[in-house]
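Counting starts at 1 for both ligands and their atoms, in listed order. Excluded from the calculations below are hydrogen atoms, water molecules and symmetry mates; all remaining heavy atoms, backbone and side chain alike, are included. All residue numbers in this chain count up from 1 along the given sequence.
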Amino acid sequence: MKVLAIETSCDETGAAVVADGTTVLSNVVASQIELHRRYGGVMPEAASRQHVLAILPVITEALERAGTGWEDVDAIAVTRGPGLSGALLVGVNVAKGLAWSRSLPLLGVNHIEAHLYASWLRAPGEPATEPQFPLLGLVVSGGHTELLLMPSHGTYERLGRTVDDAAGEAFDKAARILGLTYPGGPAIQAAASSADGREEVLPRAEMPGTLDFSFSGLKTALLRATQETDTPDVPALARGFEESVTDILVRKTLAAAEVHGVAEVVVAGGVAANGRLRSRMSEALGGRLRVPRLEYCTDNAAMIGAVGCYQLARGQIDGLALDIDPNLDLAA
Ligand code: KG4
Ligand code: ZN
């Protein structure tokens with residue numbers, strides 16, 4: 001089974017061909033980072049226009065790299081939400097046009113769910129490792145921070161979420177405070193790793209008795225610490241920020257894993273690319289941890305294709321009436 005997948009929910013234009021929910025035959029990502037850097041964040045109108053320009057060449061390249069003709073494609077999967085409405089509309093409308101003209105089933109995919117399924121993906125020839133349920137998922141991206149319990153394919157219960165900023169958003173805002181470039185995550189990670197053992201310890205929002213997160217107080221603490229001196233130690237502050245976010249994410253994930261007795265834990269989304277988070281999660285969870293390969297952590301279409309394959313196998317097919325939902329939820 002081969003699915004052509006399309007992702008345009010934010011600032012990456014992606015297309016991929018995925019076989020059987022796990023094997024990535026191609027994964028093409030046209031990043032708009034340079035376009036948005038001058039604004040210090042994603043400019044929604046500019047993102048939509050850029051998706052319109054990039055989407056068809058990206059799809060053509062994905063099919064070519066996979067060595068796949070239209071006759072080999074079994075369905076088209078596309079992100080329908082959550083995300084920026086203008087950006088989502090580009091992908092969904094292109095997917096509808098292609099599904100109609102090629103008489104193919106159309107599959108609307110939830111972007112958050114796709115971040116979790118990124119940990120199923122492997123290159124052709126790599127051994128397949130089926131996930132073990134019940135599974136705990138921590139999705140940490142630019143727009144979301146959620147702890148989800150996944151008893152089986154396609155079923156979710158939300159255990160916790162951020163009450164203010166998403167973890168990735170906090171990295172982006174912290175980078176701006178420290179005068180670093182957008183996107184903030186990689187910039188903070190690079191600055192922190194040059195701290196040479198120095199660290200400005202910053203507070204952790206414990207949110208006792210819940211599995212929820214809060215990062216806005218940390219941002220304010222970082223701003224104050226930066227303003228206290230004329231010569232802020234940027235690497236030490238970046239390290240303190242990274243430690244605070246990582247510490248809370250690891251502790252809450254570990255607590256949820258123990259309470260719910262899960263078999264495996266998936267950490268996914270753009271922030272899962274963070275080296276410190278990956279190593280601390282690995283120390284805490286050992287063999288129970290599943291983290292997607294780096295290229296599948298940040299937004300891409302291969303993860304959309306993975307979900308699409310499972311939806312197609314279940315017969316969960318959307319017709320041409322499929323619509324975007326910028327606020328699409330995964331679990332109650
Ligand atoms: O999943 P993603 O590509 O897009 C959304 O769905 O939001 O996540 C983007 C976020 C950005 O906030 C970016 O700063 C963060 O992921 N990020 C990182 C790292 N790489 C990307 N955060 C921390 N460390 C990184 N190495
Ligand atoms: Zn994402």
- Query: Nearest protein heavy-atom contact for atom 13 (C) of ligand 1: which residue, which atom, what distance?
  - Reply: D172 OD1, 3.8 Å
- Task: Could you list which atoms of ligand 1 come closer than 4.0 Å to a heavy atom of H115?
- Result: 1 (O), 6 (O)
- Query: G184 heavy atoms, cut-off 4.0 Å: which ligand 1 atoms fall inside?
  - Reply: 14 (O)
- Task: Pull out every atom of ligand 1 sitting under 4.0 Å from any heavy atom of G142, numbered as shown with elements.
- Result: 5 (C), 7 (O), 8 (O), 9 (C), 10 (C), 12 (O)
- Distance-only, no hydrogens or angles: does the H51 side chain make a donor-acceptor pair with backbone N or O of C10 under 3.5 Å? yes
- Task: Can you sort out the partners of E64 under side-chain hydrogen bond (donor to acceptor under 3.5 Å, both in side chains), two or more places apart, ordered by chain and number?
- Result: none
- Message: Can you tell me if G143 contacts ligand 1 (heavy atom of the residue under 4.0 Å from the ligand)?
- Response: yes
- Task: Considering non-hydrogen atoms only, spot the tightest contact between T162 and S214 and give its length.
- Result: OG1-CA, 4.4 Å
- Item | Protein N, O or S atoms under 2.8 Å from the Zn ion (ligand 2) | 3
- Item | Per-atom contacts of ligand 1 with P186, taking only distances under 4.0 Å to non-hydrogen atoms | 19 (C), 20 (N), 21 (C), 25 (C)
- Query: Is there a side-chain contact between I112 and L148 (heavy atoms, below 4.5 Å)?
  - Reply: yes
- Please say whether Q189 places an N or O atom under 3.5 Å from an N or O atom belonging to ligand 1. yes
- Note on the structure: Shortest non-hydrogen pair, A166 vs S141, comes out as CB-O, 3.6 Å
- Below 3.5 angstrom, do we get any N/O pair linking G269 and ligand 1? no
- Which pairs with one or both residues in residues 75-87 pass side chain to side chain donor-acceptor pair (under 3.5 Å), sequence neighbours excluded? E7-T79
- Linking Ile, Leu, Val, Met, Phe, Trp and Tyr through side-chain heavy atoms less than 4.5 Å apart, which residues share a cluster with L107? M1, V3, L312, I317
- Quick check: does F171 get an N/O under 3.5 Å from an N/O on ligand 1? no
- Message: Counting non-hydrogen protein atoms only, what is the nearest one to atom 23 (C) of ligand 1? Give residue, atom name and distance.
- Response: G185 CA, 3.4 Å
